[in-house]
Each structure stands twice: as C-alpha cells, then as structure tokens.
Amino acid sequence: MTIWESISMLDYLLMGGVVGLLICQLCYWLILMSAPLRAFHKNPSWRKLTTREESASQSDTNQEGVSVIICARNEAVNLRPYLQALLEQDYPLYEVIVVNDGSQDATQEVLDEYLCRYPNLRLTFVPVEARIISSKKLALTLAVKAARYDILLLTDADCRPESVHWIQHMVAPFRNKDIEVVLGYSPYFTEHWWINDIIRYDTLFNGLHYLGRALMHHPYMGVGRNLAYRKSAFLQAHGFAGQLSHSAGDDDLLVNRMATGRNTAVVLSRDSLIWSVPETTLKNWLHQKRRHLSVAPSYRPGTRLSLAFEPVTRGLFYVALILAFVLGSAFVAAVALTALVLRLIVQLVVINRSAKAFGEQPFTLEILWMDMILPLISLFFLSTVSKKQRTRW
C-alpha cells in the first residue's frame, strides 16, 4: 500500500485546507507586502542618503513652497530636541507651522525660544478651554488655513527626519501636477524593551501593507507622522467634514477620502524617512492602537472588505494547522509543519529585508508569536468599537 492509499478523506481535506491557505498567505506576502521593497530596489536614488553635492545638482529654483505642519499638545519634552531638525532642512522655500493645541506644560516657552532664532517658524494655537471631540482636527484645520503654500507636509512633535533632505524627497512627486497625496514611512526608534519589538513590528507590518496597496494603485490610508497633500485637495474634500465625531482619523480617514490610484504617490527613500518616539508601556501602546482602530469601520466599504482578506486567511491558516496536528496523520502533520516553516521563512525574508532597507533593526523568531497575538488584539478592539466613543487625542 502506497502512502497516498493510506491517507483518509479527512487527511486530504486537512492538507487541502493547509495548502490552499498557505498559497493565499504566500501570494499576500510575495505580491503585496513585498511591493515596497521591490519599489525601493527599483529606484537607485532611494537606496542612499543624498549628499550635499547631489542635493545642489538636483536643486530647482522653481520648486514649490512647502508648509510643514506640527500639532503639539504638551510636547515641550519632544519639541526641544526635535524641532530644530525640521527648521534646518535643505530646501529653498518652506515654513514650519506649529499649532499649540491647548498645552499646559512648557510648550509655548520652547516655541518662543525657537521663534527668536528661526524666521521660518510660525505659531498658532487652540485655546485650552476648547471643548471638542478631536481638538487635533481643529488644530490641523487652523494650520491649513494659515499655510502660505499649497503643499502641506505633516509630522508630529516627537519626530526626527532622517536627514536635512526630508522635505526635498517627500515633495518631489508633486512635480507631477496630477499628484495630490504623497505617502511616506515613519519607523520608530529602536529601544531595548520587549514592547518596542511589538511596536516596531506592528508599525512595519502596517506600513508595508498600506504602502504596498498604494503602490498597486489602491491607496486607503496614510500616517500623519509622514504625510503630504495639497491644500487645494484638502479644501476640495471639505477637510474633516463628516469626521468630527471621531477622536482619531485626522490622517487615515482623510487619505481614505482623498486618495486614488491616480493622484497618490509613495516615497520610500532613506532621506524621506522620519523617526518617531515609541510608547514605553504596553498600556499606552494599546490605548494608541485602539484609538487608531476605532476609525476602521468608517473606511470605504470596498476597503474594509479587502482589508479582511489577510487576517481572515491568516487566522484560518493557523486553525487549519492546529486541526492538522490534532486530527491528521503523521504525514499530514509533516505537511502542516512544512507549511508553517515555509510561511515563516518568507515572512522573515520580506520583513527583515524591508527593515534593512529602511535602516531598522531586524527581527527573529519572535515574529511567530507576534504574528498570532496582534490580530487577536485588533479583533478585540474592533469588536468593542462604539460609534458613540468619545476620547480626545
């Protein structure tokens, strides 16, 4: 009797489920998640930091002006070390607008110190007594109204650009007049805490996903730490109208409304990166993640449906593996183990090659448990989202 003759119908069903779901997952990783990495290697200028000579040779006297926007709420501790890097960019015409969003710390004192030294710094504010659901949306709207230039480049107070050429690289796609939205990537600083591994992996995973979809002409979100769009597009989309009931969504919901396959570009050069300070406690990170996930039900219906593909097939894949190990024969268990190892290898290669491209620290086998626990966290938060939830940023 051959090995195939000894396999039962249940074994065939289990193997078919494991192999079918493995193919779905491999297609996802090799086509979508690796799209940013392929784009990175196809563009030689993305793989190195721009030198001063190259920057001078690429200068264009007709470059558009840029308004860099930062919303700061009790950010004195971050503005002091990071704001200078944004005010000393190698770009001929730009301003930095900082909105003091009702801060009650030394934020205004820090801004006043910088205001005396940098003429390209402009300030506005949201009153401390403002009582609205999302004061950040109000702060951004005030900054957009005050902006002198049509190109708006957004980041946060706790962010530091990779180089002095950050503005130059992030706004380069706007030379194409059809481009209205530019998506960048913002990794987190590496720290030697286990929570930092979770945050960095989750950020990289989500980054590869939304950037990969944008590169395949299906943009659906961006991250406000490194995002650019035209002021005219913002006004044409009526800004945050219809989003004021959400405490979050000042970046992804806006991009979900404005971005199309034709008007959106992605920049992944090393110079375009902007680094951010990660949360230091699990509680704070979970709160941050819950707030971001709270707006997912407001995405376009087609976006929500397509976003379900990966977590559903991933969850079913792990269920199929468990069933194969528990109910299947030794041969079926061997097939299941091979499938698990193969998927893990592909995942490690894509994640770590992408991390290397963006100057991040690599990951090891901890990916396996993070890969299983993070979707459960997201599922829990999505299941508890309430349209009546009201929290400030």
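As a basis for the values below, the full set of heavy atoms in this structure was taken, side chains included, without hydrogen atoms, waters or symmetry mates.
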If you measure from [atom1] on [X] to [atom2] on [Y], what distance do you get to the nearest 0.5 Å?
X	Y	atom1	atom2	value
Trp194	Ile199	CH2	CD1	9.0 Å
Ile351	Asp371	CD1	CG	9.0 Å
Leu211	Phe40	CG	CZ	13.0 Å
Leu83	Arg160	CG	CZ	14.0 Å
Ile69	Leu86	CD1	CG	12.5 Å
Met370	Asp202	CE	CG	9.0 Å

For residues Arg213 and Thr303, is any side-chain donor paired with an opposing acceptor at under 3.5 Å?
-> no
Going by atom types alone, do Gln25 and Thr313 pair a side-chain donor with an acceptor below 3.5 Å?
-> yes
Check against salt bridge (charged side-chain N to carboxylate O under 4.0 Å, His left out), Arg230 and Asp150 | CA-CA 5 Å; Arg230 288 194 176 276; Asp150 191 44; 2.9 Å; yes
From Ser163, Ser45, Ser269, residue fulfilling side chain to side chain donor-acceptor pair (under 3.5 Å) relative to His169 | Ser269
Over all heavy atoms of both residues, which pair between Trp275 and Phe358 is shortest? Give the atoms and the distance, please.
-> CZ2-O, 3.6 Å
Please report the closest heavy-atom contact between Ser378 and Lys289, naming both atoms and the distance.
-> OG-CE, 3.4 Å
Kindly determine whether Tyr188 and Glu360 satisfy side-chain hydrogen bond (donor to acceptor under 3.5 Å, both in side chains), including the steps that lead there.
-> CA-CA 9 Å; Tyr188 281 104; Glu360 295 193 68; over 6 Å; no
State which residues pass salt bridge (Lys or Arg N to Asp or Glu O under 4.0 Å) with Glu279; sequence neighbours excluded, sorted by chain then number.
-> none
Please check if the side chain of Arg257 supplies one atom and the backbone of Gly239 the other of a donor-acceptor pair under 3.5 Å.
-> yes
Spell out, as yes or no, whether a donor-acceptor pair under 3.5 Å connects the side chain of Asn196 to the backbone of Phe189.
-> yes
Are the charged groups of Asp251 and Lys136 less than 4.0 angstrom apart, N to O?
-> no
Let me have the donor-acceptor pairs involving side chains of residues 321-341, under 3.5 Å, with sequence neighbours excluded, atom names and distances please.
from   : atom 1 : to     : atom 2 : distance (Å)
Ser329 : OG     : Asp11  : OD2    : 3.2
Ser329 : OG     : Val332 : N      : 3.4
Thr338 : OG1    : Ala334 : O      : 2.8

Can Asp112 and Gln108 be said to form a side-chain hydrogen bond (donor to acceptor under 3.5 Å, both in side chains), step by step?
-> CA-CA 6 Å; Asp112 288 340; Gln108 189 59 49; 3.0 Å; yes
